[in-house]
Protein chains: 2
Amino acid sequence: MTLAYPFEDVRTQIKSASLAEVMDRLGVRMNFAKDEEIYAQEEDADLIYRVVSGVVRTMRLLSDGRRQVGDFYQAGDLFGLEVGALHRYSAEALCDCAIQVVKRSSLRAQADEGELDRAIWEATCRDLERAQDHILLLGRKTACEKVASFLMDLAQQGPNEAIDLPMGRQDIADYLGLTIETVSRMLTQLQGSQVVEFASCRQFRVRRWDVLERLAA
Amino acid sequence: MTLAYPFEDVRTQIKSASLAEVMDRLGVRMNFAKDEEIYAQEEDADLIYRVVSGVVRTMRLLSDGRRQVGDFYQAGDLFGLEVGALHRYSAEALCDCAIQVVKRSSLRAQADEGELDRAIWEATCRDLERAQDHILLLGRKTACEKVASFLMDLAQQGPNEAIDLPMGRQDIADYLGLTIETVSRMLTQLQGSQVVEFASCRQFRVRRWDVLERLAA
DNA sequence: CGAACTTTTGAACCCCTTCAACATCAGTGG
DNA sequence: CCACTGATGTTGAAGGGGTTCAAAAGTTCG
């Protein structure tokens with residue numbers, strides 16, 4: 001919680017630097033165990049969250065238990081920026097997580113107003129763009145295309161890297177609107193056709209980026 | 001900001017009414033015929049649009065022609081506020097439309113900055129919230145639940161009103177991630193079970209709001 | 001009215017789900 | 001080290017919800 005910067009540096013960075021630093025200064029670091037709830041659906045939304053380490057999923061439940069995962073948030077991502085007063089999705093730690101949490105009001109009082117607004121705006125826009133892609137995927141893609149799109153999204157870093165899958169099959173299925181069995185079958189199929197290669201069920205490499213891209217539609 | 005002086009109130013009201021006025025003053029009113037394109041996917045996004053009359057749909061195409069409708073915009077709604085430089089969805093007139101169009105930059109120069117930002121923010125938030133509902137619908141609802149949800153969304157005004165369906169079956173299907181045949185079958189089924197009643201294929205009334213709500217899951 | 005289009009209805013098919021069994025892996029304790 | 005156990009992932013077979021294809025019925029508009 002203590003800043004290691006010389007006094008002068010701190011002052012200049014408060015004005016110009018990223019929201020992350022202000023959040024570090026004003027907020028609280030909280031640790032969440034795997035599957036622990038960070039906030040609930042319909043809960044008041046007056047906090048802002050930033051992933052420090054780990055991965056977070058947002059999700060929504062239908063009354064009979066059907067689950068839809070909204071998105072996954074990785075280190076550095078802001079989440080929980082609902083517009084209305086209430087959270088429309090709940091958020092859970094996908095694995096053990098460290099989350100920086102800060103009250104929106106205290107941020108607004110202390111941070112550079114423009115900087116804060118811009119960061120929230122950018123995070124909201126990112127959410128919207130991803131939601132729009134997600135809608136196309138859920139509405140009009142086949143199971144194979146969904147899985148291929150999902151792997152591409154994870155592997156954006158490049159085709160030759162080994163990519164870790166932080167989430168299990170159930171989370172993937174609930175993100176793609178499929179069952180775990182279908183996800184598993186599609187992964188097996190993609191591996192069988194030499195498009196991707198799984199070292200374990202939580203790590204893969206893309207072998208044929210062009211084919212994967214075509215399959216993702 | 002919650003001062004109760006009459007003078008203060010008047011001023012804020014003028015401000016909050018002004019975006020539409022400024023758009024009217026600075027922008028151009030354009031008429032679009034049914035199915036005419038308002039802007040294209042991947043097109044530059046430096047304009048802001050407001051529906052004056054008619055209904056607009058945003059949509060995205062997959063390379064093989066599969067279509068996903070993002071949302072419908074009615075009179076008064078702002079649309080086309082993509083965050084990035086390019087439109088991620090195209091927009092088309094669902095029926096003959098009058099649209100007020102204005103350059104973002106000229107708006108920013110002449111309008112109250114805060115007012116403009118707030119209006120864009122609210123419209124973007126509305127888009128995001130609707131997108132999140134849409135994701136749950138597409139990912140985890142059955143055909144019947146999708147159609148029931150769609151009718152409820154249209155009929156929010158109240159159960160006893162006669163509701164006009166501005167869009168055809170194809171647009172409904174492409175919004176719900178179904179085929180026109182399935183949409184038609186579900187509508188027939190809902191009417192058969194006395195939940196809704198269609199005067200024509202473009203107008204209906206809700207007979208059993210409670211049942212419709214339950215069916216929408 | 002008649003032509004083009006939209007919507008509804010019917011029947012066969014298929015993609016994905018469901019249900020079930022098996023495999024794999026991590027953690028635990030003997 | 002291995003047996004045990006529970007969680008997670010894979011594979012197989014059968015079933016069903018939605019699609020596809022085809023045709024009839026309804027609607028719009030010249």
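Every chain is numbered from 1, with letters handed out A, B, ... down the list of sequences.
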Tabulate below the donor-acceptor pairs under 3.5 Å that side-chain atoms of residues 44-53 of chain A make, not counting sequence neighbours, or state none.
from	atom 1	to	atom 2	distance (Å)
A/Arg50	NH1	A/Ala20	O	3.3
A/Arg50	NH2	A/Asp24	OD1	3.2

Side chains of residues 168-176 of chain B: which donor-acceptor pairs under 3.5 Å do they make with residues two or more places apart or in other chains?
from	atom 1	to	atom 2	distance (Å)
B/Arg169	NH1	B/Cys201	O	2.9
B/Arg169	NH2	B/Cys201	O	3.1
B/Gln170	NE2	B/Asp174	OD1	3.3
B/Gln170	NE2	B/Asp174	OD2	3.3
B/Asp171	OD1	B/Arg57	NH1	3.3
B/Asp171	OD1	B/Arg67	NH2	2.5
B/Asp171	OD2	B/Arg57	NH1	2.9
B/Asp174	OD1	A/Arg140	NH2	2.8
B/Asp174	OD2	B/Arg67	NE	2.5
B/Asp174	OD2	B/Arg67	NH2	2.9

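Evaluation of the salt bridge (charged side-chain N to carboxylate O under 4.0 Å, His left out) rule for B/Glu36 yields no partner, not counting sequence neighbours. With sequence neighbours left out, the side-chain contact (heavy atoms from CB on, under 4.5 Å) criterion links A/Ser200 to A/Arg202, A/Gln203. B/Ala148 pairs by the side-chain contact (heavy atoms from CB on, under 4.5 Å) definition with B/Leu212, B/Leu215, B/Ala216, not counting sequence neighbours. Taking A/Glu145 as the reference, B/Arg66 meet the salt bridge (charged side-chain N to carboxylate O under 4.0 Å, His left out) condition, with sequence neighbours excluded. A/Thr179 meets the side-chain contact (heavy atoms from CB on, under 4.5 Å) test with A/Glu181, A/Thr182; sequence neighbours excluded. Under the rule for a side-chain contact (heavy atoms from CB on, under 4.5 Å), the partners of B/Asp210 that lie at least two apart in sequence or sit in another chain are B/Arg208. Residues forming a salt bridge (charged side-chain N to carboxylate O under 4.0 Å, His left out) with B/Arg25 (at least two apart in sequence, or on another chain): none.
Atom CD1 of B/Ile172 and atom C1' of C/dT8 are 14 Å apart (whole Å). Atom pair A/Gln189:CD and D/dT10:P shows a separation of 14 Å (rounding to whole Å applied). In this entry the distance linking NZ of A/Lys34 with P of C/dA26 reads 14 Å, nearest Å. As rounded to whole Å, 12 Å separates atom P of C/dC25 from atom CZ of A/Arg169. The CZ atom of A/Phe204 sits 17 Å away from the C1' atom of D/dG9 (whole-angstrom rounding). One interatomic measurement links the two molecules: CG of A/Asp174 to C1' of D/dT8, which rounds to 14 Å at whole-angstrom precision. When rounded to the nearest whole Å, the span between CE of A/Met167 and C1' of D/dT8 equals 16 Å. In this entry the distance linking CG of B/Leu187 with C1' of C/dT8 reads 10 Å, nearest Å.
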(request) Dump the intermediate steps for salt bridge (Lys or Arg N to Asp or Glu O under 4.0 Å) on B/Glu122 and B/Arg126, then the final yes or no. (result) CA-CA 6 Å; B/Glu122 278 173 9; B/Arg126 177 183 169 284; over 6 Å; no
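Salt bridge annotation for A/Asp133-B/Arg60: present, with a cationic side-chain nitrogen under 4.0 angstrom from a carboxylate oxygen.
Each end of the helix from C/dC1-D/dG30 to C/dG30-D/dC1 yields a helix axis from five base pairs, and these two axes differ in direction by 30° (to the nearest 10 degrees).
OP1 and OP2 of D/dT27 both lie 4.0 Å or more from every side-chain N or O belonging to B/Arg202.
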(message) Output one letter per nucleotide in nucleotides 11-25 of chain D: B when a protein non-hydrogen atom lies under 4.0 Å from the base, S when only the sugar-phosphate is that close, - when neither is.
(response) BBB----SBBB----
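Within a heavy-atom distance below 4.0 Å of DNA chain C, no residue of residues 53-71 of chain A is found.
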